Amino acid sequence: MSDKKKIYKPKPISGFPEWLPEYRAVEQAWLDKIRAVFESYGYASIETPSVEELDVLTAKGEDVDKEIYVLERLQADPDEKKSARLALHFDQTVPLARYVAQHFAELTFPFKRYQMQKVWRGERPQMGRMREFYQCDIDVINVDKLPIHFDAEVAAVVYEALESIDIGRVQLRISNRKILLGLMEALGIEDPVPVTRFIDKLEKLGAKEIKHILIGEVGLTPEQTDAILDLAGQQDLSKIKPQNEMMAEGLEELSFVMDQLKHLPVHGARADLSIVRGLDYYTGTVYETQLLDVPEFTGSVCSGGRYDDLAGSYINKHLPGVGISIGFTRLFDVLRQANKIQPGPKSPAQVLVVLPSEERRTVAAEAARNLRERGMNVELYHAPQKIGKQMGYAEKKSIPFVWFPPFEDGQDHEVKNMENGEQTKADPKSWSA
RNA sequence: GCGAUCGUAGCUCAGCUGGUAGAGCCCUCGGUUGUGAUCCGAGUGGUCGCGGGUUCAAGUCCCGUCGGUCGCCCCA
């Protein structure tokens with residue numbers, strides 16, 4: 001062995017966040033609250049593996065491949081089958097589809113499930129964009145036909161979940177793709193994809209710029225462009241004249257959903273026809289969510305929509321669904337960086353029991369045990385160091401109470417409130433904060 | 001993947017037109033005997049991202065490379 005050992009200087013891996021205990025405590029509390037709201041509406045928890053077969057993940061065929069992380073052994077078998085390659089899932093909707101197809105016979109429909117897991121995307125990290133992050137999904141899947149009121153329910157559920165974690169005002173922006181797609185069909189636009197992609201950027205770039213692009217780059221006529229921009233900017237659904245069946249259907253659905261969300265605060269849900277969600281598999285209702293009190297971040301913290309046929313790639317059944325996903329880590333990190341999160345304690349302990357000396361360890365340990373038996377989180381200090389040092393430890397870990405077992409036989413236990421400095425005699429079998 | 005910008009102690013940073021490194025925080029110890037936060041003192045800690053070049057001399061200039069951050073693409 002050489003005298004100088006090699007030190008690998010630790011550094012964060014970009015896009016793979018980790019928090020200190022005082023923030024992890026908050027993160028856990030948030031997850032618990034969201035879970036409670038999901039369950040209050042009868043959504044059941046499932047967890048799927050971190051990996052799926054690559055073929056399953058790419059079955060939808062869209063250009064998600066570039067963000068998929070593939071899993072392989074360092075020394076892979078040369079003749080390992082390529083078709084069975086595993087990859088980390090990039091969302092929870094595709095695994096859900098596979099799950100539902102696989103367990104179809106054992107599930108009861110409508111299947112309402114929530115899932116809070118990490119997902120991975122191989123993209124360049126940015127503010128609010130990670131390569132590893134939690135998503136909290138809820139979805140409802142049914143056979144053949146899924147009532148439209150679920151489109152309102154999932155929105156209401158996530159709104160309530162977000163409300164429960166005290167993050168300021170949020171706003172759901174809701175649209176229905178049938179409206180814009182219907183209009184484009186009526187206008188004779190053959191390829192709606194590039195149009196929807198730019199309409200999605202309407203708020204960011206502005207109507208003037210989008211008009212310029214749609215005419216100049218996409219090749220629409222000024223008339224087509226005006227018709228589309230008029231629609232995308234229209235706030236009042238009753239002022240829209242449906243040009244065909246598809247538009248009429250979309251309008252009816254969206255009106256119904258908005259009507260069902262009337263119980264939310266005024267800012268809570270808004271119809272916004274510029275929301276189209278790029279080139280996703282969504283076919284009807286689509287959602288995005290803005291943090292109204294963090295204007296510096298304009299991205300969506302919670303998105304989703306309805307899909308006509310969720311699992312068609314995996315099973316010969318017609319399974320429509322609607323779902324929405326909280327971008328949990330994005331939400332957490334954006335608020336953390338905006339200084340809107342009050343960090344929790346550095347330790348879950350409520351009481352630190354002082355260890356006066358090795359001889360008194362038994363007495364101290366018993367006091368700790370008595371307190372724990374009555375539900376408290378209690379840490380026994382690890383070494384008989386100077387009392388001031390032990391208290392400094394409690395101070396630094398924000399442990400609110402320090403317990404003094406008797407230093408000599410016959411003395412009383414005492415407990416000190418670290419916030420106000422008060423110290424009183426106490427019995428470990430009956431004391432409570 | 002493309003563009004811009006940055007890279008000095010564990011953290012946040014200073015170091016002017018080149019002369020072989022500093023502050024604050026953190027950490028450890030101390031300011032005597034069983035009581036924290038403040039204050040004071042001392043100490044640990046860096047091959048200045050890495051490699052090459054210019055120069056008597058480079059953290060400081062030049063080139064390359066790697067990494068971070070931001071923007072674009074895309075999205076939670």
Side-chain angles (χ1 to χ4, degrees), chain A residues 4 6-17 20 62-68 89-93 116-137 158 162 170 193-194 196-198 200-201 204-205 275-280 282 286-291 296-305 323-334 337 352 354-357 360 364 381 384-408 411 414-423:
Chain A
K4 271 202 169 172
K6 172 79 179 167
I7 302 254
Y8 289 93
K9 189 176 171 183
K11 55 179 185 217
I13 302 174
S14 177
F16 290 77
L20 293 171
E62 292 178 11
D63 62 347
V64 286
D65 1 352
K66 65 169 188 257
E67 43 184 57
I68 294 179
H89 56 226
F90 54 85
D91 73 2
Q92 294 177 138
T93 306
M116 307 197 298
Q117 290 182 235
K118 281 183 171 172
V119 306
W120 293 267
R121 291 184 193 173
E123 288 262 47
R124 245 208 155 78
Q126 259 172 52
M127 164 73 152
R129 202 173 72 183
M130 335 288 175
R131 298 200 277 207
E132 175 181 75
F133 56 98
Y134 279 106
Q135 285 195 153
C136 306
D137 281 35
V158 293
L162 293 173
V170 297
V193 172
T196 58
R197 199 161 53 219
F198 287 114
D200 224 27
K201 297 186 198 309
K204 188 171 178 181
L205 297 179
I275 306 290
V276 279
R277 312 252 63 229
L279 35 120
D280 255 319
Y282 299 118
V286 284
Y287 317 90
E288 286 194 358
T289 311
Q290 311 291 313
L291 294 171
E296 61 267 36
F297 183 76
T298 56
S300 173
V301 294
C302 178
S303 307
I324 188 160
S325 172
I326 300 174
F328 183 87
T329 307
R330 160 175 289 183
L331 186 65
F332 188 79
D333 192 41
V334 164
Q337 290 196 45
L352 177 77
V354 163
L355 180 64
S357 63
R360 306 302 287 174
Y381 195 75
Q385 293 173 329
K386 294 211 294 197
I387 304 308
K389 194 167 167 83
Q390 301 196 35
M391 296 188 66
Y393 177 81
E395 164 78 20
K396 271 191 291 190
K397 281 205 173 178
S398 50
I399 300 172
F401 293 95
V402 171
W403 191 274
F404 297 93
F407 282 55
E408 284 166 38
Q411 292 182 328
E414 292 183 13
V415 64
K416 178 167 185 144
N417 179 328
M418 292 297 280
E419 201 179 332
N420 60 22
E422 275 176 31
Q423 184 166 335

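Predicted model only: the values in this text are computed from it and were never measured. Chain letters run A, B, ... following the sequence lines, proteins first and then strands; every chain starts at 1.
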Same-atom distance (C1') from B/G51 to B/C13, integer angstrom
27 Å
As a test of reading the structure: which of B/C72, B/A76, B/C74 is closest to the side chain of A/Gln135, going by heavy atoms?
B/A76
For B/G67 and A/Ser14 - does any side-chain N or O of the residue sit under 4.0 Å from the phosphate oxygens OP1/OP2?
no
Go through B/C75, B/C74, B/C2 for me and flag the one nearest to the A/Arg197 side chain.
B/C74
Could you let me know what B/A21 is paired to, Watson-Crick or G-U wobble, both distances under 3.5 Å, or none if it's on its own?
none
Distance check needed: B/C73 C1' versus A/Phe198 CZ, whole Å only.
11 Å
Taking only N and O in the side chain of A/Arg131, is any of them less than 4.0 Å away from OP1 or OP2 of B/C75?
no
Roughly how far apart, to the nearest Å, are B/C63 and B/C6 at atom P?
13 Å
Classify the nucleic acid contact of A/Pro12 as base, sugar-phosphate or nothing, counting any heavy atom under 4.0 Å across all strands shown.
nothing
Below 4.5 Å, heavy atoms only, C-beta onward: do A/Cys136 and A/Ser325 meet side chain to side chain?
no
For the pair made of CG in A/Asp91 and C1' in B/C74, what is the distance, rounded to whole Å?
14 Å
Report the distance from atom CZ of A/Phe332 to atom C1' of B/A76, rounded to the nearest whole Å.
16 Å
Base partner of B/C61, which must satisfy Watson-Crick or wobble distances under 3.5 Å
B/G53
In sequence, state the C-alpha distance, the side-chain angles, and the governing distance for A/Met391 and A/Lys416, and then conclude on side chain to side chain contact (heavy atoms under 4.5 Å, CB included).
CA-CA 10 Å; A/Met391 296 188 66; A/Lys416 178 167 185 144; 3.7 Å; yes
With A/Lys396 via side-chain hydrogen bond (donor to acceptor under 3.5 Å, both in side chains) - residues at least two apart
none
What's the gap between B/G15 and B/U8 when it is taken at their C1' atoms, as a whole Å value?
9 Å
Going by an N to O cut-off under 4.0 Å, is there a salt bridge joining A/Arg277 and A/Glu288?
yes
Expressed in whole Å, how much space separates the C1' atoms belonging to B/C66 and B/G49?
8 Å
Hey, is A/Phe328 stacking on B/A76? Ring centres under 5.5 Å, planes under 30°.
no
Test of understanding: with ring pair (Phe, Tyr, Trp, His ring centres under 6.0 Å), list the residues that count as partners of A/Tyr381, not counting sequence neighbours.
A/Tyr393
If each of A/Lys11 and A/Ser325 is mapped to the nucleotide of RNA chain B with the nearest heavy atom, which maps nearer the 5' terminus, i.e. the 5' end?
A/Lys11
For A/Lys397, report the nucleic acid contact type (base, sugar-phosphate, nothing); a contact means any heavy atom under 4.0 Å.
nothing
Its contact letters, B for base, S for sugar-phosphate only and - for none at protein heavy atoms under 4.0 Å, make nucleotides 27-39 of chain B read S-S-S--BBBB--
Donor-acceptor pair present, A/Arg121 side chain and B/C74 base, under 3.5 Å
no
Can you tell me how far C1' in B/G45 sits from the matching atom in B/C27, rounded to whole Å?
10 Å
Using the C1' atom as the reference point in each nucleotide, state the distance between B/G67 and B/A42 in Å, no decimals.
37 Å
Taking the C1' atom in each of B/C26 and B/G10, what is the distance between them to the nearest angstrom?
8 Å
Which residues satisfy the salt bridge (charged side-chain N to carboxylate O under 4.0 Å, His left out) test with A/Arg360, sequence neighbours excluded?
A/Asp409
Can you check the A/Gln126 CD to B/G68 C1' distance for me, whole Å?
13 Å
Give A/Lys204 one of three labels, base, sugar-phosphate or nothing, depending on what nucleic acid heavy atoms sit under 4.0 Å from its own.
sugar-phosphate
Taking only the C1' atom of each, what is the distance from B/U20 to B/G24 in whole angstrom?
25 Å
Once you apply a heavy-atom cut-off of 4.0 Å, does A/Met127 come out as touching a base, just sugar-phosphate, or nothing?
sugar-phosphate
Sequence-distant partners of A/Pro384, side chain to side chain contact (heavy atoms under 4.5 Å, CB included), two or more places apart
A/Leu355, A/Glu358
Under 4.5 Å between any side-chain heavy atoms of A/Asp91 and A/Arg121, yes or no?
yes
A/Phe297 CZ - B/A76 P separation (whole Å)
11 Å
Between the side-chain atoms of A/Arg129 and the base atoms of B/C74, is any donor-acceptor pair under 3.5 Å?
yes
Determine the contact category for A/Gly128: base if any of its heavy atoms lies under 4.0 Å from a base atom, sugar-phosphate if only primed atoms, P, OP1 or OP2 are that close, otherwise nothing.
base
side-chain hydrogen bond (donor to acceptor under 3.5 Å, both in side chains) against A/Gln423, all qualifying residues, sequence neighbours excluded
A/Glu414
Watson-Crick or G-U wobble partner of B/G1, both distances under 3.5 Å
B/C72
